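Below: one structure, written as C-alpha cells.
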Amino acid sequence: MSYFPDVDAVKFEGLESTNPLAYRHYDPDEVVEGQRMEDLLRFSVAYWHTMRGSGVDPFGAPTMIRPWEDGSDSLDMAKKRVDVAFEFMQKMGTKFYCFHDRDVAPDGATLKEANANLDAIADHLEQHQNATGIKLLWGTANLFSHPRYLHGAATSCNADVYAYAAAQVKKAIEVTHRLGGENYVFWGGREGYHNLLNTDMTRELEHLASFMHMAHDHATAIGFQGQFLFEPKPKEPTKHQYDFDAAACLNFIRAYDLEGVVKLNIETNHATLAGHEMMHELEYARIQGALGSIDANTGDLLLGWDTDQFPTDVYLTTKCMLVILEQGGLAPGGVNFDAKVRRESFEPIDLFHAHIGGIDAFAHGTKIAAAIRADGGLKDFVKERYGSYDSGIGEKIDKGETTFAELEAYMLEKGEAAPNQSGRQEMLENLVNRYL
Ligand code: XUL
Ligand code: CO
C-alpha cells in the first residue's frame, strides 16, 4: 500500500536537472569539510507540521487534502499516519524526525489513557525505525494545546497543572529514550506571561528551573544520554516568553545551575521575532558552547508572526552554515524543518516540494559556506582586524595582564587613539556574493 503512489524516491540529479522532484544540490554522499553531507546536516522532518498541519488559520478552516486521513483521532488513524510518515521520509531520503507526544498519539480522557496511547504508537514507531533505519532526532511534549495549560505548564500558577506537565514530560522522555532519541527539547509554549500585574516572575522562573532539573534527574535515572535543548522564542503564544532569545536562555541556564545540562535549539523565525538575525543567535550560542541543534525555517520579514515557512533563501542558509561549519556540525543535533506548507499548498505533493526546497537550500548554502571558508579571506580579514590585540598593550588586555592605571599611562604618553583600518563591510559582502 502506497500513500504517495505517484512519487518515486527523490534522488540527487545535479545542477542540470529540471525535475522538480529531484535534488540539485543535495548529494548525501558529497563530502564537505571531511563529512558526508548527510552526516553533517542530519535533516529531520517535523511530525507536527508535516503530518498534522491542517492549514487552519485564525480566519479559516482546514484546507489540506490528506487522502489517508479518516477524520478521526483514533489509535488506528495514528498508526496509519506513522505508515504515511515513514513512506514520506523514505522517499525523501531524510534520516531523522522529531515529534511532540500529542502529534504522534491521541490524547486520553486521563493521563493513564494518554500514556497507553503513546506506548501503543511508540511500538509502531519502533517497528518502522527498525525497518527503515530512520531515527528520532528529538522528542518533546506538547504542554501548550490543552486548555489545562492556559496559564502555562512548568510556569503555571496552579501546582496540579505543574504536576500534570511533569508527568507528561516524564513519559515523553521515557518514550524518547525507548526510541533511541538523540535529544529532548523544551520549548516554552506558554512559559511566559501576558501581564506582569498577575505574575510572580520569581516563582515562575524557579518552577521552570526545578522542572528542568527534575527532567534531567529522571533522564539520568533511566539511562537517557541524549542532549537536552532549550528552544528560544520571544513571544507567541504569550506576549513575553521566558526563553526570549539565546542570551536570555543562557542567562536562565546559568542562573539556575543548568550549565552543561541544557544546550540550545535555535529556530530562524524565532530569532527574527526577537529582532535578531539567525546568524546572530547561532553565533551567540556557538561561542558559549551551547549550539545544540537548529529548527530550520524562515519567517516573512513583512509579517510580525511565526509563519514557519520552509527555508529557500540561500544567503540565509549560507550564513547559518558559516557558523555550523565553524563548529564542525551539529551532531547529536541536526537540521529539523520546523516548517509548514502554506494553506494554499494543500496537496500531498506540496510536502515533497517544500522539503526538497529546504534541503537543497541548506545543501547549497553548505557548499557556498565551505567555499568561503576555503578562500580564507573572510577569516583572515577578521583576524587582522583585531590584530592590535596580538602584541603590545593589546596582548596585555587580552591576557588580563593590565590595569586601568597602566592603560592610562600608556595613553597619556601616546596622546590619542585612532582606529586606522576600514571595516570593509561592502568588500566582504562582495566576497560572499562571489561564491553565491
Ligand atoms: C513553536 C516551535 C515548536 C518547538 C517544539 O514555535 O517552534 O514547534 O519547536 O515544541
Ligand atoms: Co521550533
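Everything numeric in this text was worked out from a predicted model, so none of it was measured. Along the sequence shown, residues are numbered consecutively beginning with 1. Start at 1 and go down the list; that is how both ligands and their atoms are numbered.
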So which of the N, O or S atoms of E231 lies nearest the Co ion (ligand 2)? OE2

Against ligand 1, does H270 come closer than 4.0 Å with any heavy atom? yes

Quick note on ligand 1: atoms under 4.0 Å from a heavy atom of W48 include exactly 8 (O)

Of the choices F186, W187, F144, F99, which has the non-hydrogen atom that lies closest to atom 1 (C) of ligand 1? W187

Member of V175, L125, L179, N183 meeting the side-chain contact (heavy atoms from CB on, under 4.5 Å) criterion with L136: L179

Give a yes/no on ligand 1: does D338 have at least one heavy atom closer than 4.0 angstrom to it? yes

How large, to 10°, is the angle at the Co ion (ligand 2) when you draw lines to OE1 on E267 and to OD2 on D295? 100°

S345 and D350: side-chain donor and acceptor closer than 3.5 Å? no

Is any N or O atom of E267, backbone or side chain, closer than 3.5 Å to an N or O atom of ligand 1? yes

Do we see a donor-acceptor contact under 3.5 Å between the side chains of D295 and N265? yes

For D295, take its heavy atoms, then give the atoms of ligand 1 lying under 4.0 Å from any of them. 9 (O)

Does the side chain of E87 come under 3.5 Å of the side chain of S2 through a donor N or O and an acceptor N or O? yes

Any idea which N/O/S atom from D338 gets closest to the Co ion (ligand 2)? OD2

If you measure only the distance, is there a donor-acceptor pair under 3.5 Å linking the side chains of Q168 and D101? yes

If you measure every N or O of K233 against every N or O of ligand 1, does any of those distances drop under 3.5 Å? yes

Could you find the nearest protein heavy atom to atom 5 (C) of ligand 1 and give me its residue, atom name and distance? H100 NE2, 3.3 Å

Counting heavy atoms under 4.0 Å, the part of D306 that contacts ligand 1 is side chain

Side chains of T155 and E191: do they bring a donor and an acceptor to under 3.5 Å? yes

For N142, which part has a heavy atom under 4.0 Å from ligand 1: side chain, backbone, both, or neither? neither

Under a 3.5 Å threshold, yes or no: a donor from one side chain and an acceptor from the other, between N158 and S156? no

cation_pi(R24, F12) dist<6.0 Å, angle<=45: no

Would you check whether E231 has a nitrogen or oxygen atom less than 3.5 angstrom from a nitrogen or oxygen atom of ligand 1? yes

Test side-chain hydrogen bond (donor to acceptor under 3.5 Å, both in side chains) on N297 and N269 and set out the steps. CA-CA 6 Å; N297 62 16; N269 207 165; 5.0 Å; no

